[in-house]
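Notes to accompany the following structure.
We use all heavy atoms of the structure for the numbers below, so side chains are in, but hydrogens, waters and symmetry mates are not. Every value quoted in this text rests on a predicted model; they were computed, and no experiment measured them.
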Amino acid sequence: MISYSRVSTYIQCPKKYKLRYVDKLKTFFDCQATNPLTIGNLLHRTVEKGFVKARQEYLDEYPVITEALVDELEKARVLGRKVRKAVPKGEFERKILIGGFIGFIDLLVETSPGVYDLYDFKYSNNKDRYLESPQLSVYKYFFAKQTGFAVDRLFYVMCPKTQIRQKKTEDLYHFRERLTSQLESMEPEVCEVEFSQEAITNFLASAVEMLTAHEFLAWERPLCHCRE
């Protein structure tokens with residue numbers, strides 16, 4: 001089985017790929033309220049299912065409810081509502097499964113019979129990095145092969161993060177007021193990206209290399225600890 005995340009992990013560091021997907025090593029859950037995976041899932045669920053269901057699923061992942069979790073919930077409540085308003089109606093979490101590839105389209109919108117636009121939600125301030133990502137080109141390629149439908153436009157929905165913190169001279173009530181006020185001033189950005197055939201060629205070549213690899217060397221990267 002291949003996926004965009006598996007191949008991108010292999011490209012980033014073959015050793016990291018081996019530890020995660022071949023050796024299937026598990027890591028302890030990071031109980032920080034700002035865990036990128038959990039807050040990303042929280043935003044996705046808020047847009048897809050509504051805040052009430054998303055809130056419960058988020059809290060169920062933690063052993064103790066803290067004020068920091070409440071802060072993240074407030075961010076998701078306000079920003080999730082804004083993301084939902086910024087995108088058209090469509091099908092959430094559309095599964096792609098063909099030829100050993102698996103992936104999930106965050107939002108699939110039919111613009112005319114048999115023609116679709118693809119959307120992917122990103123909860124990040126690093127817009128430029130994601131706009132260079134080949135992920136949506138890969139999804140377009142495999143979705144079209146699976147269904148025979150045409151894909152017209154590709155969009156990343158960039159939801160900004162706020163790093164606002166409670167001041168030492170500020171009580172929780174006034175901090176939450178300030179937090180909500182800042183959130184209300186923030187807006188998601190819908191960014192169209194172009195399909196890249198070169199990205200597909202490179203992805204398929206990397207997938208073949210990944211599946212046939214016998215050695216998984218660790219790249220020298222600042223944030224990689226595979227050699228330790």
Side-chain angles (χ1 to χ4, degrees), residues 3-6 8-13 15-21 23-84 92-93 104 106 120-130 133 135 156-189 218-219 221-228:
S3 65
Y4 178 78
S5 60
R6 286 185 178 223
S8 60
T9 300
Y10 178 81
I11 294 172
Q12 181 188 44
C13 179
K15 182 67 175 294
K16 180 179 179 180
Y17 163 81
K18 180 178 183 293
L19 294 174
R20 179 176 298 177
Y21 295 109
D23 299 337
K24 300 185 184 302
L25 295 184
K26 303 296 183 181
T27 58
F28 291 108
F29 173 59
D30 178 2
C31 287
Q32 294 295 319
T34 55
N35 180 310
L37 179 60
T38 56
I39 62 173
N41 287 339
L42 172 60
L43 179 71
H44 279 69
R45 291 165 182 163
T46 299
V47 176
E48 179 185 355
K49 302 178 181 180
F51 178 67
V52 174
K53 290 184 178 179
R55 175 182 60 190
Q56 191 57 55
E57 291 179 9
Y58 174 71
L59 292 177
D60 286 345
E61 297 188 52
Y62 289 86
V64 178
I65 299 176
T66 66
E67 296 295 351
L69 295 185
V70 177
D71 294 341
E72 294 307 317
L73 286 169
E74 178 64 5
K75 296 174 188 178
R77 183 186 70 82
V78 176
L79 296 175
R81 168 171 46 85
K82 289 173 176 278
V83 170
R84 188 64 181 263
F92 291 102
E93 286 293 295
F104 293 88
D106 286 345
D120 193 82
F121 306 141
K122 300 299 184 186
Y123 193 10
S124 172
N125 293 328
N126 197 349
K127 181 176 75 171
D128 291 342
R129 178 169 71 89
Y130 282 112
S133 167
Q135 181 178 357
Y156 285 111
V157 183
M158 302 302 306
C159 184
K161 287 184 177 181
T162 175
Q163 306 300 330
I164 187 173
R165 298 179 181 276
Q166 184 176 357
K167 300 176 182 178
K168 292 182 178 179
T169 57
E170 187 177 39
D171 61 34
L172 187 59
Y173 174 80
H174 288 95
F175 165 67
R176 292 264 167 79
E177 276 196 329
R178 187 164 60 89
L179 173 62
T180 302
S181 176
Q182 180 168 345
L183 292 169
E184 291 292 353
S185 70
M186 300 168 67
E187 296 293 337
E189 184 177 0
W219 297 147
R221 300 279 175 101
L223 298 179
C224 182
H225 306 287
C226 292
R227 293 184 180 276
E228 296 181 0

Exam field: side chain [X] to backbone [Y], donor-acceptor pair closer than 3.5 Å:
X   : Y    : answer
K82 : M186 : yes
D23 : L25  : no
T46 : L42  : yes
D30 : N35  : no
R55 : G50  : no

Got a second to check how far [X]'s [atom1] is from [Y]'s [atom2], nearest 0.5 Å?
X    : Y    : atom1 : atom2 : value
L43  : E72  : CG    : CD    : 11.0 Å
I11  : Y17  : CD1   : OH    : 12.0 Å
L179 : Q166 : CG    : CD    : 10.5 Å
K15  : Y10  : NZ    : OH    : 13.5 Å
K127 : E189 : NZ    : CD    : 3.5 Å
S133 : D128 : OG    : CG    : 13.0 Å

Where [X] and [Y] come nearest, the two heavy atoms and their spacing:
X    : Y    : result
E48  : F92  : CG-CB, 3.6 Å
Y58  : R45  : N-NH1, 4.2 Å
S8   : S5   : OG-O, 3.0 Å
V47  : G80  : CG2-O, 3.8 Å
R165 : F175 : C-CE1, 3.4 Å
C159 : L79  : SG-CB, 3.7 Å

With S124, which residues qualify under side chain to side chain donor-acceptor pair (under 3.5 Å), at least two apart?
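By the side chain to side chain donor-acceptor pair (under 3.5 Å) rule, S124 matches no residue at all.
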Using a strict cut-off of less than 4.0 Å between a Lys/Arg side-chain nitrogen and an Asp/Glu carboxylate oxygen, indicate whether R176 and E67 qualify as a salt bridge.
yes
Between R81 and E184 (salt bridge meaning N to carboxylate O under 4.0 Å), is one present in this structure?
yes
So [Y] and [X], do their side chains get closer than 4.5 Å, heavy atoms only?
X    : Y    : result
L73  : L59  : yes
V70  : E74  : no
F104 : H44  : no
R20  : T27  : no
I39  : K161 : yes

Does a side chain donor of either E61 or T38 reach within less than 3.5 Å of an acceptor in the other side chain?
no
Check the angle between the aromatic planes of Y130 and Y156 and answer parallel, tilted or perpendicular using the 30° and 60° thresholds.
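Rings of Y130 and Y156: tilted, 30 to 60°.
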Would you sort out whether V157 and K122 count as a side-chain contact (heavy atoms from CB on, under 4.5 Å), showing the intermediate values?
CA-CA 6 Å; V157 183; K122 300 299 184 186; over 6 Å; no
